Amino acid sequence: MSIHPTPQHLEAAPKAAPILRVEGLRKSYSTPQGAIPVLRGVDFTLAAGASLALTGESGSGKSTLLHLVGALDDADSGVIILDGVEVTLLSEHARATIRREKIGTVFQQFNLIPSLTVAENLGFQARLAGRYDAAWQEELTHRLGLAELCARYPEELSGGQQQRVAIGRALAVRPKLLLADEPTGNLDEATGDKVMSLALDLVAATGCAFLMATHSARLAARLQRRVRLDAGVLAAR
Ligand code: ADP
Ligand code: MG
């Protein structure tokens, strides 16, 4: 495995260092009409065990920011440091490793693998990352209320059940950072609230940092901190 060397000044992160540090992040998309700037210098930090809601109008760049933090896309400039490693300097191969081992992601669309059972979906990413832990999967299964559903396939589940599986799958690797992009956007309010409660309990239990994009002020209020993306920069709110 060829991971680019970590710059020396990042090798031994101080104990109090945040799990995630984002500095001066810029991103524009090129379109036939020219470049559309979306992020114009985004800065924030997130400590282990901390939760942050990212709010903002539709189209303000929330998903773009999560994609960059999740190492799924490249920024134009700026720095992302995850667990002491400057992700923005890594090769694609090294970033894929970070993505697998340190980051769990939950999307609005659940994105379960249709041909795999609930139990197989739950363990899928952990197995890929070589981090499968049967006892932890068992605990996740019970805490997420999935014990009776293990042999079912995604198409046999409700939306709330599918999202519970997706949360378990993301946390099965014991990530340092959980990212969620409008995770309850496809659920009714009551179901979404229950799924959020389960996610927040598990985030607290694992001590991972949690960054969630949502346009709902009500959901954002359930996290420890809130920032708003407006005109390409973050404002505290
Ligand atoms: P949000 O998640 O807050 O709704 P997005 O990050 O999805 O916002 O989008 C921010 C802006 O970037 C929008 O104007 C959107 O149309 C544009 N955008 C997103 N992805 C692309 C892309 N791949 N190519 C061009 N424009 C894009
Ligand atoms: Mg979005």
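Note that the structure is a prediction, hence the values are computed from the model and not measured. For this chain, numbers begin at 1 and follow the sequence in order. Every number for a ligand or one of its atoms is a count from 1 in the order of the listing. The figures that follow rest on heavy atoms only: side chains count, while hydrogens, waters and symmetry mates do not.
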Close approach, H67 and ligand 1, non-hydrogen under 4.0 angstrom: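 It does not; every heavy atom stays at 4.0 Å or beyond.
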Non-hydrogen atom of G56 closer than 4.0 Å to ligand 1: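 No, G56 has no heavy atom closer than 4.0 Å to ligand 1.
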Polar side-chain atom of T88 near backbone of I80 as donor-acceptor pair, under 3.5 Å: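 The answer is yes, because a donor-acceptor pair under 3.5 Å joins these two groups.
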Side-chain (Q163) to main-chain (F107) donor-acceptor, under 3.5 angstrom: yes
So [Y] and [X], do their side chains get closer than 4.5 Å, heavy atoms only?
X   : Y    : result
K62 : E182 : yes
D76 : S28  : yes
F44 : L20  : yes

Nearest neighbour in protein (non-hydrogen) for [atom]:
atom                    : answer
atom 19 (C) of ligand 1 : Y29 CE1, 3.3 Å
atom 10 (C) of ligand 1 : G59 O, 3.3 Å
atom 6 (O) of ligand 1  : T64 OG1, 2.6 Å

Member of L116, L146, N111 meeting the side-chain contact (heavy atoms from CB on, under 4.5 Å) criterion with N121: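 Single pass found, and it is L116.
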Ligand-residue contact atoms, ligand 1 with V38, heavy atoms, under 4.0 Å: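 In order of number, 10 (C), 11 (C), 12 (O).
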Contacting atoms of ligand 1, where contact means under 4.0 angstrom from a heavy atom of E57: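 Counting atoms of ligand 1 from 1, those under 4.0 Å from E57 are 3 (O).
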Pair E57 + R228, salt bridge at N-O below 4.0 Å: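 Judged by the 4.0 Å cut-off on N to carboxylate O distance, E57 and R228 do form a salt bridge.
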Has ligand 1 got any nitrogen or oxygen that is less than 3.5 angstrom from a nitrogen or oxygen of [X]?
X   : value
S30 : no
K62 : yes
I36 : no

E155 CD: over 12 foreign heavy atoms closer than 6.0 Å: no
CZ/F124: more than 12 non-hydrogen atoms of other groups inside 6.0 Å: no
Protein non-hydrogen atom found under 4.0 Å from atom 8 (O) of ligand 1: yes
Sub-4.0 Å protein heavy atom next to atom 22 (C) of ligand 1: yes
Backbone or side-chain N/O/S of S58 under 2.8 Å of the Mg ion (ligand 2): no
